[in-house]
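Written out below as structure tokens is the structure these notes cover.
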Amino acid sequence: MLRLYDTRSRAIAPLALQREGHVGIYVCGPTVQAPPHVGHLRSAVALDVLRRWLLERGEEVTFVRNITDIDDKIIHDAAHDDEPWWALSTRMTRAFTQAYDAVQVLPPTVEPRVTGHVPQIVALIGDLVAGGTAYESGGDVYLAVKAVPSYGEISGQKPDQLRQSDKAVAHGHTGTKRDPLDFALWKAAKEGEPSWPSPWGPGRPGWHIECSAMAVEYLGTTFDLHAGGLDLVFPHHENEAAQSTAAGHPFAQHWLHHGLVTAKGGEKMSKSLGNSVTVADALASVPPVVLRYALGAAHYRSTIEWSEQVATEAAAAYARIETFVRNATDVVGETSVDLALSAAPWAEFAAALDDDLGVPQALAVLHGGVRAGNALLAARDLPALAATLSVVRRMLGVLCLDPLTDWPSVGSGELTAVVDALVQLAVEARAQARERKDWAQADALRDRLASSGVILEDTANGVRWRLS
RNA sequence: GGCCGGGUGGCCGAGUGGCUUAGGCAAGGGACUGCAAAUCCCUGUACGCGGGUUCGAUUCCCGCCCCGGCCUCCA
């Protein structure tokens, strides 16, 4: 049974399912206002590992990740650049999709947009107003937080001790609420802003209500898991839970929050500080698989830092894995082997992931397999090597880090055969030079290949080449 | 002011009331190699500070210091 940390109960608990064999997950996706940064990708990768592990365990997964395609910032930025808000959000949605694809994050089962669900949102707000927990005020609709006794259960905040921040007052985010804690479900349209009709006049959805409406639309009023970044615990998830509860929905049974990515030095990554690293920036310095490794190797709840040094170390760690898989595959091929031969490491790996997605421990098991495999390779124990390679690749598959199937190298297929033939010519010439102990000539040939990016390695099994 | 997390060996990063005290990177030594590369083996006073509980604490409790997040929006 997979056990996961639950934010509400502050404990690791089994992920209970509404329906056996099926896991319903709702993830708060991005507000598509600016290009994705590495933090967005960390979120996606962490949850992708969760999803792939559930799939590996044979579960059916309905994975809902929304797109917030209308909000204050989108409207503001679009107006500033004289671009329609829908053009900006569409452009940014594409940028996010490309970023997710680049690191092989599985596409969500459904990716609902807020603007495509206004009727559901209006209906939900209507229920809340009818039920007396929400009220209209000057064209806005607010949820009366004090009317929801369970408010604060997820974040641990106590309504009596919350205070309205100075910043909110300074920015004029106070609206026409009866109580400072109340939050907007529906925002009355301002001059020149996009709006949709509603019983309370033209306006647009508040931020929190959209997730409640879309989660219920695709997963039902009770579902298994709600996930998102640690920065969403309060107020976003607290408010989602409050309004859903007020509407009579049991809502999410388990709440998962992943850690954030900081810039170098542990500083918060934010546009105002000018230190956010976009996915495009990161991919300019490391290949996608290394980015995935770097973002996915830490435990999902820990804070991780993004810097050149982190990227470099991730590249080195991944290279060790990749080298083993390629070297071993050269010798034993891609034959799949009875996993019973490697049952012990797999069980250890599975136990690590089952325990709150313990990726670091799982990677330790994987690295143990790599070390053992390298020794078997040297000892030329082929049957054992094949078994070890199989189990290592199965582990890599769960993490989506298999260099052969998940990240086939450039120049695969016919081009590889051509290059291989050319490299073999040089290898043969070098072999002749070595035979007559003409080390200068042999080394010159090796150096020339190296300067073209081809690294030669002399092994007991002959000469092996790889791209540097 | 309130609510959450953290502080582990040169770096990153797991974990545990005592056991061969993760793993990776980097460093040093050895093996292999014509030299390399790759690989294997070995090495290094680790657990923020001060108390307490305990036969024994990095791990539990109390206090303190420091760092980060949230309380407008943010993965």
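On a predicted model such as this, the values are computed, not experimentally measured, just so you know.
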| said: Taking B:G6 as the reference, what is the distance to B:C25 when you measure between their P atoms (whole Å, please)? | reply: 27 Å

| message | Looking at A:Arg394 and A:Asp402, is any side-chain nitrogen of the basic one under 4.0 Å from a carboxylate oxygen of the acidic one? | response | no

| field | Rounded distance in Å between the C1' positions of B:G50 and B:C65 | value | 10 Å

| message | Quiz question: going by heavy-atom distance under 3.5 Å, is there a donor-acceptor pair between the base of B:C35 and the side chain of A:Asp458? | response | yes

| task | Using the side chain to side chain donor-acceptor pair (under 3.5 Å) rule, collect all pairs that involve residues 92-105 of chain A, keeping only residues at least two apart or in two chains. | result | none

| field | Residues in salt bridge (charged side-chain N to carboxylate O under 4.0 Å, His left out) contact with A:Asp182, at least two apart in sequence or another chain | value | none

| said: Please encode protein proximity along nucleotides 19-29 of chain B as a string of B, S and -, counting only heavy-atom distances under 4.0 Å. | reply: ---BSBS----

| field | Atom C1', compared across B:G9 and B:A26: separation rounded to whole Å | value | 13 Å

| said: Just to verify, what does A:Glu305 make a salt bridge (charged side-chain N to carboxylate O under 4.0 Å, His left out) with, not counting sequence neighbours? | reply: none

| request: Answer yes when A:Glu193 and A:Lys187 have at least one side-chain N-carboxylate O distance shorter than 4.0 Å, and no when they do not. | output: no

| message | Applying ring-ring contact (aromatic ring centres under 6.0 Å, His included), can you list everything that pairs with A:Phe324, at least two apart in sequence or on another chain? | response | none

| query | What is the distance, rounded to the nearest whole Å, between atom CD1 of A:Ile154 and atom P of B:G69? | reply | 22 Å

| message | Rounded to whole Å, please give me the gap between CG in A:Asn239 and P in B:C71. | response | 11 Å

| request: Find the distance A:Trp439:CH2 to B:G34:P and express it as a whole number of Å. | output: 7 Å

| task | Let me know the distance between CD of A:Gln157 and P of B:C4, rounded to the nearest Å. | result | 8 Å

| query | When the C1' atoms of B:U20 and B:A75 are considered, how many whole Å apart are they? | reply | 41 Å

| task | Would you mind reading off the distance between A:Phe324 atom CZ and B:C40 atom P, rounded to a whole angstrom? | result | 10 Å

| field | Length of the OH-C1' vector between A:Tyr151 and B:G2, whole Å | value | 13 Å

| query | Which nucleotide in the set B:A75, B:A38, B:G34 lies at the smallest distance from any side-chain heavy atom of A:Val261? | reply | B:A75

| remark: By ring-ring contact (aromatic ring centres under 6.0 Å, His included), A:His367 pairs with (sequence neighbours left out) none

| task | Applying side chain to side chain contact (heavy atoms under 4.5 Å, CB included), name anything that partners A:Thr329, two or more places apart in sequence or on another chain. | result | A:Val325, A:Glu334, A:Leu389, A:Leu404

| task | Would you please name every residue forming a side chain to side chain donor-acceptor pair (under 3.5 Å) with A:Arg42, sequence neighbours left out? | result | none

| remark: Looking only at B:G34, B:A75, B:A38, the nucleotide nearest the A:Ala442 side chain is B:G34

| Hey, does A:Ile25 have a side-chain heavy atom less than 4.5 Å from the side chain of A:Asp224? | no

| request: With pairs defined as Watson-Crick or G-U wobble and both distances under 3.5 angstrom, please note down RNA chain B as a dot-bracket string, | for pairing with another strand. | output: (((((((..(((.....[....))).(((((.......)))))....(((((..]....))))))))))))....

| query | Out of B:G34, B:C3, B:C73, which nucleotide sits closest to the side chain of A:His208? | reply | B:C73

| said: Can you tell me whether the side chain of A:Arg446 and the base of B:C35 have a donor-acceptor pair closer than 3.5 Å? | reply: yes

| Which of these nucleotides, B:C11, B:A75, B:G34, is closest to any side-chain atom of A:Gln309? | B:C11

| message | Closest-nucleotide mapping onto RNA chain B: is A:Gly156 or A:Thr262 further toward the 5' terminus? I mean the 5' end. | response | A:Gly156

| Within 45° of the axis and under 6.0 Å from the centre of the six-membered ring of A:Tyr135, does NZ or CZ of A:Arg178 qualify? | yes

| When the P atoms of B:G29 and B:G7 are considered, how many whole Å apart are they? | 34 Å

| said: Is there a side-chain contact between A:Asn327 and the phosphate of B:A38, meaning an N or O under 4.0 Å from OP1 or OP2? | reply: no

| field | Within residues 93-108 of chain A, residues whose heavy atoms come under 4.0 Å of RNA chain B | value | none

| remark: Those residues at least two apart in sequence (or on a different chain) that pass side chain to side chain contact (heavy atoms under 4.5 Å, CB included) with A:Arg301 are A:Tyr5, A:Ile12, A:His299, A:Asp356

| task | Name the closest nucleotide to the A:Ser302 side chain, picking from B:G69, B:A38, B:A14. | result | B:A14

| When you measure from the centre of the six-membered ring of A:Trp439, is the NZ or CZ of A:Arg434 under 6.0 Å away and within 45° of the axis? | no

| query | Of the candidate nucleotides B:A14, B:A37, B:C40, which contains the atom at the shortest distance from the side chain of A:Glu457? | reply | B:A37

| Using a cut-off of 4.0 Å on non-hydrogen atoms, how would the nucleic acid contact of A:Leu230 be classed: base, sugar-phosphate, or nothing? | nothing

| request: Using the P atom on both, measure B:U45 against B:A22 and round to a whole Å. | output: 14 Å

| query | B:C11 P sits how many Å from A:Ile304 CD1, rounded? | reply | 19 Å

| query | Between B:A75 atom C1' and A:His226 atom NE2, what is the distance in whole Å? | reply | 12 Å

| When all nucleic acid strands are considered with a 4.0 Å heavy-atom cut-off, which category describes A:Leu456: base, sugar-phosphate, or nothing? | base

| With sequence neighbours excluded, residues passing side chain to side chain contact (heavy atoms under 4.5 Å, CB included) with A:Asp354 | A:Leu2, A:Trp53, A:Arg57

| query | Which nucleotide sits closest to the side chain of A:Arg466: B:A37, B:G5, B:C35? | reply | B:A37

